[in-house]
Amino acid sequence: LKNGQPVEIETFAGERKPVEVTAKQFSDVDQKYLLGVLREATEQVEREQELKSTTSRLETLLEALPIPVAVLSSDGTVQEWNQAAENVFEYDSSKVIGKMFPLFPDNDELHRLRKKVLDDEAINGYQTVYQKRDRSKIDVELYARPLYKVETLCGIIGAAIDITHTQRRHQQLEVLQRTLRHNLRNRLNEGR
């Protein structure tokens, strides 16, 4: 029905059962007839309700995750964009959903990684740079997997962890280490 409820019939035993209805109208010279075939759909309705429940739980989980997560179609169009992605990358979901994934400064990298995942390879800990809405750069570590719907590849689900601060600390430690080595070498050479 239009409200999403299944069509139900009442059996001779007084039970209400959901049914799938197939109807065909035909006529002869002076009469119109309607032929209807009813098929019990209890199992189908139960599966649909379970799917709705599971989908609802997964959508809640996606929104509750503290890291940015996006779901892309196989062509790279954004289908889902969680609140953490909005917060970190500054793109409102209403501006991103239905459009190409906007965060790679280089579309070739998006194409290459998308192809890898669609070839059924997972991406684990791939480090790259994303471009936020304000054009500033952010270092991220990517995790992505192919997404299946009834055993058919239908897209990609991916998460990105902001590692900008970790990268900066690592660079600062490298500079400090080089400076210490340089100073130590100078002091050792002074003593000769």
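Counting begins at 1 with the first residue of the sequence. All values below come from the heavy atoms of this structure, side chains included, with hydrogens, waters and symmetry mates left out.
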Chemist: Rounded to the nearest 0.5 Å, what separates atom CG in Asp139 from atom CD1 in Ile163?
Modeler: 5.5 Å
Chemist: Does the side chain of Leu173 reach to within under 4.5 Å of the side chain of Gln177, using non-hydrogen atoms?
Modeler: no
Chemist: As an exercise, state the distance from NZ of Lys116 to OH of Tyr126, rounded to the nearest 0.5 Å.
Modeler: 8.5 Å
Chemist: Do Val78 and Leu110 sit in the same hydrophobic cluster, where Ile, Leu, Val, Met, Phe, Trp and Tyr count as joined when their side-chain heavy atoms come under 4.5 Å apart?
Modeler: yes
Chemist: Quick test of your reading: applying salt bridge (charged side-chain N to carboxylate O under 4.0 Å, His left out), list the pairs with at least one residue in residues 70-87, sequence neighbours left out, ordered by first then second residue.
Modeler: none
Chemist: According to salt bridge (charged side-chain N to carboxylate O under 4.0 Å, His left out), who are the partners of Glu63, at least two apart in sequence or on a separate chain?
Modeler: none
Chemist: So, taking the atom named OG1 in Thr42 and the one named CZ in Arg47, what distance separates them when rounded to the nearest 0.5 Å?
Modeler: 10.5 Å
Chemist: Can you name the nearest heavy-atom pair linking Ser74 to Arg114, along with the distance?
Modeler: O-NE, 3.1 Å
Chemist: For the residue pair Lys132 and Val88, what are the closest heavy atoms and their distance?
Modeler: CE-O, 3.4 Å
Chemist: Nearest 0.5 Å, what's the OG1-NZ distance between Thr77 and Lys99?
Modeler: 10.0 Å
Chemist: Answer yes or no: is there a donor N or O on one side and an acceptor on the other, between the side chain of Asp119 and the main chain of Glu121, under 3.5 Å?
Modeler: no
Chemist: List the atom of Asp134, the atom of Ser136, and the distance in Å for their closest heavy-atom pair.
Modeler: OD1-OG, 2.6 Å
Chemist: Evaluate the side-chain proximity of Phe104 to Leu113: yes if any heavy-atom separation is below 4.5 Å, no if none is.
Modeler: yes
Chemist: Under 3.5 Å, side-chain donor or acceptor atoms of residues 145-157 against the rest of the protein: list the pairs with distances, not counting sequence neighbours.
Modeler:
{"unit_1": "Arg145", "atom_1": "NH1", "unit_2": "Asn124", "atom_2": "OD1", "d": "3.0"}
{"unit_1": "Arg145", "atom_1": "NH2", "unit_2": "Asn124", "atom_2": "OD1", "d": "3.1"}
{"unit_1": "Tyr148", "atom_1": "OH", "unit_2": "Asp120", "atom_2": "OD1", "d": "2.7"}
{"unit_1": "Thr152", "atom_1": "OG1", "unit_2": "Val150", "atom_2": "O", "d": "3.4"}

Chemist: So, do Asp162 and Tyr130 sit near enough that their side-chain heavy atoms are less than 4.5 Å apart?
Modeler: no
Chemist: Is it true that, when you exclude Arg181 itself, more than 12 heavy atoms of the residues, nucleotides or ligands shown sit nearer than 6.0 Å to its CZ?
Modeler: yes
Chemist: Answer yes or no: is there a side-chain heavy-atom contact under 4.5 Å between Leu35 and Tyr33?
Modeler: no
Chemist: Could you grab the distance from atom CG of Leu142 to atom CG of Leu103, nearest 0.5 Å is fine?
Modeler: 9.5 Å
Chemist: Is it the case that more than 12 heavy atoms not belonging to Arg112 sit under 6.0 Å from its CZ atom?
Modeler: yes
Chemist: More than 12 heavy atoms of other residues, nucleotides or ligands under 6.0 Å from CD of Glu174: yes or no?
Modeler: yes
Chemist: Check whether any side-chain N or O of Thr179 sits under 3.5 Å from a backbone N or O of Val175 as a donor-acceptor pair, and report yes or no.
Modeler: yes
Chemist: Of the non-hydrogen atoms in Val45 and Pro6, which two are nearest, and what is the gap between them?
Modeler: CG2-CB, 3.9 Å
Chemist: Report yes if some heavy atom in the side chain of Leu62 is under 4.5 Å from a heavy atom in the side chain of Leu58; otherwise report no.
Modeler: no
Chemist: Would you name the heavy atoms of Asn82 and Pro68 that are closest together and state the gap between them?
Modeler: OD1-CA, 3.6 Å
Chemist: With clusters defined by side-chain heavy atoms of hydrophobic residues (ILVMFWY) lying less than 4.5 Å apart, directly or transitively, does Ile123 cluster with Leu72?
Modeler: yes
Chemist: When you look at Asp30 and Asp28, which way does the side chain to side chain contact (heavy atoms under 4.5 Å, CB included) test go after all the steps?
Modeler: CA-CA 6 Å; Asp30 55 345; Asp28 63 11; 3.5 Å; yes
Chemist: In the structure I gave you, are the side-chain heavy atoms of Met100 and Asn107 within less than 4.5 Å of one another anywhere?
Modeler: no
Chemist: For the residue pair Asp106 and Asp108, what are the closest heavy atoms and their distance?
Modeler: OD1-N, 3.0 Å
Chemist: Give a yes or no answer on whether the side chain of Ser56 reaches the backbone of Lys52 with a donor-acceptor pair at less than 3.5 Å.
Modeler: no
Chemist: Supply the atom-to-atom distance Thr55 OG1 to Glu50 CD, rounded to the nearest 0.5 angstrom.
Modeler: 9.5 Å
Chemist: Would you say the side-chain atoms of Gln83 and Asn87 include a donor-acceptor pair closer than 3.5 Å?
Modeler: yes
Chemist: Do Lys137 and Pro105 have side chains that get closer than 4.5 Å, going by heavy atoms?
Modeler: yes
Chemist: Please state whether the rings of Trp81 and Phe89 are parallel, tilted or perpendicular, taking 30° and 60° as the class boundaries.
Modeler: tilted
